[in-house]
Amino acid sequence: MTKEGKCRAQTKSLSKIDPKMMERIQSLRLMDDDFMTIVFSGDNKLTEFLLRILLDRTDLTVKSCLTQK
């Protein structure tokens, strides 16, 4: 798949998110410690989803994740 095709696929996935929820997501900053802890706290699929978006890669698979306590 070309980079343009990947971008279209990601855009299509993101377009399914409720606009109000997307607005809230866009207002968050990943570097906020509380947000990062919640996002990455044992939710492998969510962590994988976010990393795929941030790194623009679809070949990542998260096997486990552990946050600070």
Side-chain angles (χ1 to χ4, degrees):
M1 181 181 282
T2 66
K3 187 168 183 167
E4 184 177 316
K6 288 178 188 178
C7 186
R8 284 185 190 156
Q10 288 174 345
T11 301
K12 186 176 180 180
S13 294
L14 292 175
S15 69
K16 294 178 183 178
I17 298 174
D18 177 62
K20 287 185 180 183
M21 181 61 75
M22 182 56 80
E23 193 174 311
R24 290 180 69 194
I25 290 169
Q26 289 174 335
S27 72
L28 296 170
R29 299 293 172 248
L30 185 59
M31 295 312 293
D32 175 35
D33 203 37
D34 294 332
F35 176 60
M36 186 180 286
T37 299
I38 291 169
V39 169
F40 293 109
S41 184
D43 190 335
N44 294 351
K45 288 295 181 186
L46 181 58
T47 302
E48 183 177 294
F49 175 72
L50 187 58
L51 287 172
R52 284 179 174 196
I53 291 170
L54 293 173
L55 300 174
D56 191 24
R57 292 183 54 184
T58 57
D59 63 334
L60 295 174
T61 302
V62 173
K63 295 181 180 181
S64 68
C65 57
L66 178 65
T67 60
Q68 65 183 356
K69 294 182 182 196

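- For Asp59 and Arg57, the salt-bridge test passes: some basic side-chain N is under 4.0 Å from an acidic carboxylate O.
- Asp56 CG to Leu51 CG: the interatomic distance, rounded to the nearest 0.5 Å, is 12.5 Å.
- Residues meeting the side chain to side chain contact (heavy atoms under 4.5 Å, CB included) test with Ser41, sequence neighbours left out: Thr67.
- The side-chain heavy atoms of Thr61 and Glu48, taken from C-beta on, include a pair separated by under 4.5 Å.
- Note that the CD1 atom of Ile53 and the CG atom of Leu60 stand 11.5 Å from one another [nearest 0.5 Å].
- A pairwise comparison of heavy atoms in Cys65 and Thr47 identifies SG-OG1, 3.6 Å as the closest pair.
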